[in-house]
Amino acid sequence: MPRPIIIDCDPGHDDAIAILLALAHPEELEIRGITTVGGNQILDKITDNALKVLSFVNADIPVAKGAAGPLFGKLVTGEEAHGESGMDGPVLPASKFKPVEQGAVEFMLGLIRASEEPVTLVPLAPLTNIALLITAYPEVKNKIKEISLMGGGLAYGNVTSTAEFNIFVDPEAARIVYESGIPIVMSGLDVTDKAAIFEEEILELKQKGPVSVMVGELLDFYSIYGKKMGYVGNALHDPCAVAWLVHPELFQSEHLYVTVETEGKLTRGMTVADRRKKPDRQPNVQVLTGVDREAFMKLLFDSLERLDRKLSAAAGVNN
Ligand code: RIB
Ligand code: CA
């Protein structure tokens, strides 16, 4: 039986790839819904991008708009990395889908309450929606199996020396989620920077079917900022949080107590782990620390190829 999931995202090049990775595994993952949050770009652009990705592969999955910005302060976008549209690069056709009327929090609440089994949340963006949900409806925590998120980093950040973007944008929300008691699997920079795709692999993608080509073109754009920041290869951050759900054996991890700094001048938005032999509190997070990069890339390529075949078959039927 596939595990029911809700993806909370801010597409975002790597969010788009993570959504496609999930769509390629209907036997393991049933995407009950997708929610959007201000992050890489403003909410309307993020939501439009999510709808365009779904429309590109004919995936009619309900999408609900969430918080436009963090619990406190103004939204800091990731425009430098993701561009003016939030997903610059290929121009995707206008989506044939529209968002649902409901807001993301009520939408998630309804999906979780209606589910026969506990739901897994897959946040790939600032954690504002998740924090609002569990604060407004704490009882819903009993029907959340776990949270597989992209965010944070124990060794370093990417917005500041200590804070990773998704946590940096809304540290208060992140602290609420990390201290919620819900089991967390954290794909932080410790692992996502190791899940990097290289230029020759992007070129290979662009020789394949329409979905693979689209992803290759997204990565051409997304690589620009990485190169500018001195990285070799393009870290596939958000796809790690989905890949763990379908192939956890690709990853190494440590169980640690992790919380979020919200005050520090230098450390606001830092995910802080207690690595002492006798930590103050019981571990609450499975921190992914390593990945078999070759196997991860094969998983990505095979997944995109599945979507290519599905799209070609559907086109064949319609011709
Ligand atoms: O730091 C990486 C994270 O920030 C990813 O979720 C990416 O989409 C951006 O939102
Ligand atoms: Ca994201």
Side-chain angles (χ1 to χ4, degrees), residues 6-22 34-43 45-50 52-53 63 66-70 75-83 85-89 104 121-130 147-171 173-174 177 184-197 215 218-219 221-226 228-231 233-244 260 269-271 287-288 291:
I6 298 171
I7 297 176
D8 185 65
C9 58
D10 60 342
H13 296 72
D14 54 329
D15 303 71
I17 299 169
I19 291 168
L20 294 170
L21 186 58
I34 291 178
T35 51
T36 59
V37 61
N40 285 324
Q41 254 301 350
I42 59 170
L43 184 61
K45 292 182 179 178
I46 292 299
T47 307
D48 193 40
N49 292 337
K52 280 180 178 171
V53 172
V63 174
L75 173 65
V76 171
T77 70
E79 181 156 341
E80 262 199 284
H82 296 273
S85 73
M87 210 166 73
D88 281 15
L121 302 185
V122 188
L124 310 173
L127 291 160
T128 318
N129 289 339
I130 313 302
I147 294 176
S148 180
L149 65 81
M150 192 279 141
L154 303 189
Y156 53 85
N158 57 7
V159 178
T160 70
S161 59
T162 56
E164 176 278 328
F165 179 79
N166 289 339
I167 311 297
F168 176 81
V169 169
D170 197 340
V177 174
I184 293 172
V185 180
M186 170 178 155
S187 292
L189 298 176
D190 314 281
V191 69
T192 65
D193 276 349
K194 295 168 186 161
I197 189 168
V215 166
L218 283 174
L219 289 167
F221 180 88
Y222 196 33
S223 305
I224 297 167
Y225 183 70
K228 190 177 145 204
M229 300 309 283
Y231 287 88
N234 194 348
L236 297 181
H237 302 290
D238 293 336
C240 285
V242 172
W244 183 83
V260 178
M270 180 176 178
T271 46
V287 179
L288 303 190
V291 62

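These values consider heavy atoms only, across backbone and side chains, with no hydrogens, waters or symmetry-generated copies. Remember, it's 1-based here, ligands and their atoms both numbered in the order they're listed.
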Engineer: Determine which of the N, O or S atoms in D238 is closest to the Ca ion (ligand 2) and give its atom name.
Structural biologist: OD2

Engineer: Name the one of D238, D15, L288 that satisfies side-chain contact (heavy atoms from CB on, under 4.5 Å) with M150?
Structural biologist: D238

Engineer: Rounded to the nearest 0.5 Å, what separation is found between the CE atom of M186 and the CG atom of L149?
Structural biologist: 7.5 Å

Engineer: Evaluate the criterion side chain to side chain donor-acceptor pair (under 3.5 Å) for residue pair D88 and Y222; output intermediate values, then yes/no.
Structural biologist: CA-CA 8 Å; D88 281 15; Y222 196 33; over 6 Å; no

Engineer: With a cut-off of 3.0 Å, does D15 place any N/O/S atom under that distance from the Ca ion (ligand 2)?
Structural biologist: yes

Engineer: In the protein, what heavy atom is nearest to atom 4 (O) of ligand 1, and what distance, to one decimal place, separates them?
Structural biologist: F165 CD2, 3.3 Å

Engineer: Report, in ascending order of atom number, the atoms of ligand 1 lying under 4.0 Å from any heavy atom of E164.
Structural biologist: 1 (O), 2 (C), 3 (C), 4 (O)

Engineer: Within a distance under 4.0 Å of any heavy atom of D15, pick out the atoms of ligand 1 and give their elements.
Structural biologist: 8 (O)

Engineer: For ligand 1, which atoms have a heavy atom of N158 less than 4.0 angstrom away?
Structural biologist: 1 (O), 2 (C)

Engineer: Closest non-hydrogen protein atom to atom 10 (O) of ligand 1, residue and atom name please, with distance?
Structural biologist: N40 OD1, 2.9 Å

Engineer: Looking at CG of L219 and CD1 of I197, how far apart are the two atoms once the value is rounded to the nearest 0.5 Å?
Structural biologist: 5.5 Å

Engineer: Heavy-atom contacts with L124 under 4.0 Å: which atoms of ligand 1 show up? List them by number with element.
Structural biologist: 6 (O)

Engineer: If you compare all heavy atoms of V122 against all heavy atoms of A241, which two are closest, and at what distance to 0.1 Å?
Structural biologist: CG1-CB, 4.3 Å

Engineer: So, does S223 use its side chain to make a donor-acceptor pair with the main chain of N234 at under 3.5 Å?
Structural biologist: no

Engineer: Taking only heavy atoms of D10 into account, list the atoms of ligand 1 that are under 4.0 Å away from them.
Structural biologist: 8 (O), 10 (O)

Engineer: Find all atoms of ligand 1 within a distance of less than 4.0 Å from any non-hydrogen atom belonging to H237, and give their numbers and elements.
Structural biologist: 2 (C)

Engineer: Assess the residue pair N166 and L127 against the criterion (side-chain contact (heavy atoms from CB on, under 4.5 Å)); give the C-alpha distance rounded to whole Å, side-chain angles, the decisive distance to 0.1 Å, and a yes or no.
Structural biologist: CA-CA 7 Å; N166 289 339; L127 291 160; over 6 Å; no

Engineer: What protein heavy atom sits nearest atom 6 (O) of ligand 1, and how far away is it?
Structural biologist: D238 OD1, 2.6 Å

Engineer: Could you list which atoms of ligand 1 come closer than 4.0 Å to a heavy atom of D14?
Structural biologist: 5 (C), 6 (O), 7 (C), 8 (O)

Engineer: Between the side chains of D193 and Y156, does any donor sit under 3.5 Å from an acceptor?
Structural biologist: yes

Engineer: May I ask you to check whether A125 brings an N, O or S atom to under 3.0 Å from the Ca ion (ligand 2)?
Structural biologist: no

Engineer: Let me know which of I130, I7, D8, N129 forms a side-chain contact (heavy atoms from CB on, under 4.5 Å) with L121.
Structural biologist: I130

Engineer: What atom name does the N, O or S atom of D10 nearest to the Ca ion (ligand 2) carry?
Structural biologist: OD1

